[in-house]
Amino acid sequence: MDEVWVNGLLADREPESQVLDFKAKPPSKDDHGIRSLLMDVAGFANARGGRIVYGIKEDGQGRADKLVGVVEGADSLSLWMQTQLLGKVFPRVGGLVVQPVHTAQGTVIVVDVPSQHGGPYQASLAEWQRFPIRAGTRNVDMSYQQLFDSFALRSSVETRLDLWMKERTKHLAKTSGGATAAIHVIPRSAFQGSDRADLSPLRNHMIRLSGSVLNSRFNYSGLLASRAGMGAAASRPYIQFFRNGIVEISWEVRTQSDYNAVMSMDTTIKLFDMLPQVSTALGVAGVEGPGYVSMSYVNVAAKALHYMHPDGYVADTEPVGENILVMGPVPYEALGFSIGELGPLVLDLMTDLFRAFGEDGCPYLNADGAIVHRQLGQMVAEYRHAWEVR
């Protein structure tokens, strides 16, 4: 979305369509303007996605005719619009962007609504709630059947995800020689019949795990990245990219041999280190949208959890009785990249882990997901620096 794109709309006299809408003026900040904004964005989200361009006047046949522009305050108005949309369309629209575009003729505001994999999306302002859908060049209310199908699809995705996780953790327990951990990044599109991930660009995409560069090769399930060379049997740690977009990161759990306790800080580091790399890799493979992150421990019966408090003393929990532990799944709208974005998600998973071992919560992060343990912060920074600078 830049000046060239905006000028192209005008030069081509681009018509409004299922995925494009022109509005001469931005929405007003009263209830009527807010409702109009919410209806337009929720309508696109419930259909195929699309873009709304504020500041372009259309002719009598719905074609781009003239750039009238947003008179003033485009930057602050864009921020206000983004805030309204994030707080008043449910669930949150993944990847939503509200962006001013400055041209020689004036400034327009573009609202970009990517194609969604969740839904249905509701526009809500106080007691007013609607489920709109873009139909041609206008919004209509979703029919009962459309709502039923959308909710059924969401339920079906969650049921299939739960079944997949159960089968996968059983497989990990059978094929692992000892205590093993796994992180699963599961895009919603994996269970919605969407196009498969394009794994070919990942063949030469550099990925690091625990400081080591992994070698990638295609296998029956998709693409496997591990330390093993070509032709060698897969060994942990590894990253398996499945053809439907699911990613599995698996490694042997470090244990403190004297106490038969698994090292919790190592798991926290893996989450902060690997999730942003997976986010980048999925983008390269063309996989976008919301999803879930889950974490599993298998073959951990009779093992304790070893952890270090921020003030320096170390402790071990009581041994756990279960052989398989599953933490999450934690939903995400867009998988974050920065430590700040990932913190709340990592906190949820680590809290589940500590509670599985009988503790109240994770001592490494505060209630906002910020790292409060100095040693953890240093190690996360070191691992991330290894791949960020390259």
Side-chain angles (χ1 to χ4, degrees), residues 16-23 27 30-54 62 81-98 110-165 185-196 244-246 287-294 328-335:
E16 289 187 320
S17 66
Q18 177 81 16
V19 294
L20 184 63
D21 192 15
F22 299 121
K23 296 185 182 295
D30 57 18
D31 284 356
H32 175 77
I34 295 173
R35 288 172 182 169
S36 176
L37 172 66
L38 301 180
M39 285 285 289
D40 288 332
V41 170
F44 275 123
N46 281 322
R48 294 163 46 197
R51 288 178 175 175
I52 310 166
V53 186
Y54 293 93
M81 291 168 64
Q82 181 104 21
T83 301
Q84 297 301 311
L85 293 168
L86 293 178
K88 297 181 175 66
V89 177
F90 304 99
R92 182 173 292 189
V93 178
L96 177 72
V97 175
V98 182
V110 182
V111 180
D112 184 42
V113 184
S115 177
Q116 301 295 303
H117 301 291
Y121 293 87
Q122 181 188 60
S124 178
L125 181 65
E127 299 301 317
W128 173 86
Q129 289 99 26
R130 300 278 290 278
F131 286 97
I133 187 169
R134 180 83 169 174
T137 60
R138 64 192 183 95
N139 294 316
V140 299
D141 287 320
M142 295 181 73
S143 67
Y144 171 84
Q145 190 62 48
Q146 287 173 321
L147 282 170
F148 179 87
D149 291 343
S150 187
F151 279 115
L153 178 60
R154 180 191 293 182
S155 176
S156 173
V157 167
E158 292 169 354
T159 299
R160 293 171 67 185
L161 183 153
D162 183 59
L163 291 173
W164 188 89
M165 281 299 306
V185 179
I186 308 170
R188 286 185 65 91
S189 58
F191 296 114
Q192 291 182 313
S194 302
D195 293 337
R196 292 183 173 185
N244 61 1
I246 293 176
V287 179
E288 299 176 338
Y292 305 87
V293 178
S294 183
V330 178
Y332 65 82
E333 292 298 329
L335 195 57

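Because only heavy atoms are used, hydrogens play no part in the values below, and waters and symmetry mates are left out as well, while side chains stay in.
Side-chain contact check for Ser115 versus Arg48: every heavy-atom pair is 4.5 Å or farther apart. The shortest distance between side-chain heavy atoms of Phe44 and Asp21 falls below 4.5 Å. Considering only heavy atoms from C-beta on, Trp164 comes within 4.5 Å of Ile246 through its side chain. You'll find the side chain of Val113 reaches within 4.5 Å of the side chain of Leu96, heavy atoms only. Contact annotation: the side chain of Pro329 approaches that of Leu161 to within less than 4.5 Å [non-hydrogen atoms, C-beta and beyond]. At a threshold of 4.5 Å between non-hydrogen side-chain atoms, the residues Asp112 and Val98 do not count as touching. A heavy-atom distance below 4.5 Å is found between the side chains of Val41 and Val111.
Without hydrogens or angle criteria, Gln129 side chain to Ala126 main chain gives a donor-acceptor distance under 3.5 Å.
Separating the CD1 atom in Ile34 from the NZ atom in Lys88 is a distance of 5.5 Å, to the nearest 0.5 Å. A distance of 11.5 Å separates OG of Ser17 from CZ of Arg51, quoted to the nearest 0.5 Å. Remark: Ile186 CD1 to Arg188 CZ distance equals 11.5 Å, nearest 0.5 Å.
The heavy-atom pair separating Pro187 from Val287 by the smallest distance is CG-CG1, 3.6 Å. Nearest heavy-atom pair, Phe90 versus Ser124, reported as atom, atom and distance to 0.1 Å: CE1-CB, 3.8 Å. Residues Gln18 and Ala135 come closest through the heavy atom pair OE1-C, 3.9 Å.
For CZ of Arg92, the number of neighbouring non-hydrogen atoms (other residues, nucleotides, ligands) closer than 6.0 Å is 12 at most.
Contacts of Pro27 classified as side chain to side chain contact (heavy atoms under 4.5 Å, CB included), with partners at least two apart in sequence or in another chain: Leu37, Tyr54, Trp80, Met81. Residues satisfying the side chain to side chain contact (heavy atoms under 4.5 Å, CB included) test with Val89, not counting sequence neighbours, are Leu38, Ala42, Leu85, Val93, Tyr121. Here Phe151 pairs with Pro120, Phe131, Leu147, Arg154 under the side chain to side chain contact (heavy atoms under 4.5 Å, CB included) rule; sequence neighbours left out. Residues that satisfy the side chain to side chain donor-acceptor pair (under 3.5 Å) test with Gln122, not counting sequence neighbours, are absent from this structure.
Listed by first and then second residue, the salt bridge (charged side-chain N to carboxylate O under 4.0 Å, His left out) pairs involving residues 31-44 are Lys23-Asp40 (not counting sequence neighbours). The salt bridge (charged side-chain N to carboxylate O under 4.0 Å, His left out) contacts involving residues 137-150 comprise Arg130-Asp141, where partners must be two or more places apart or lie in separate chains.
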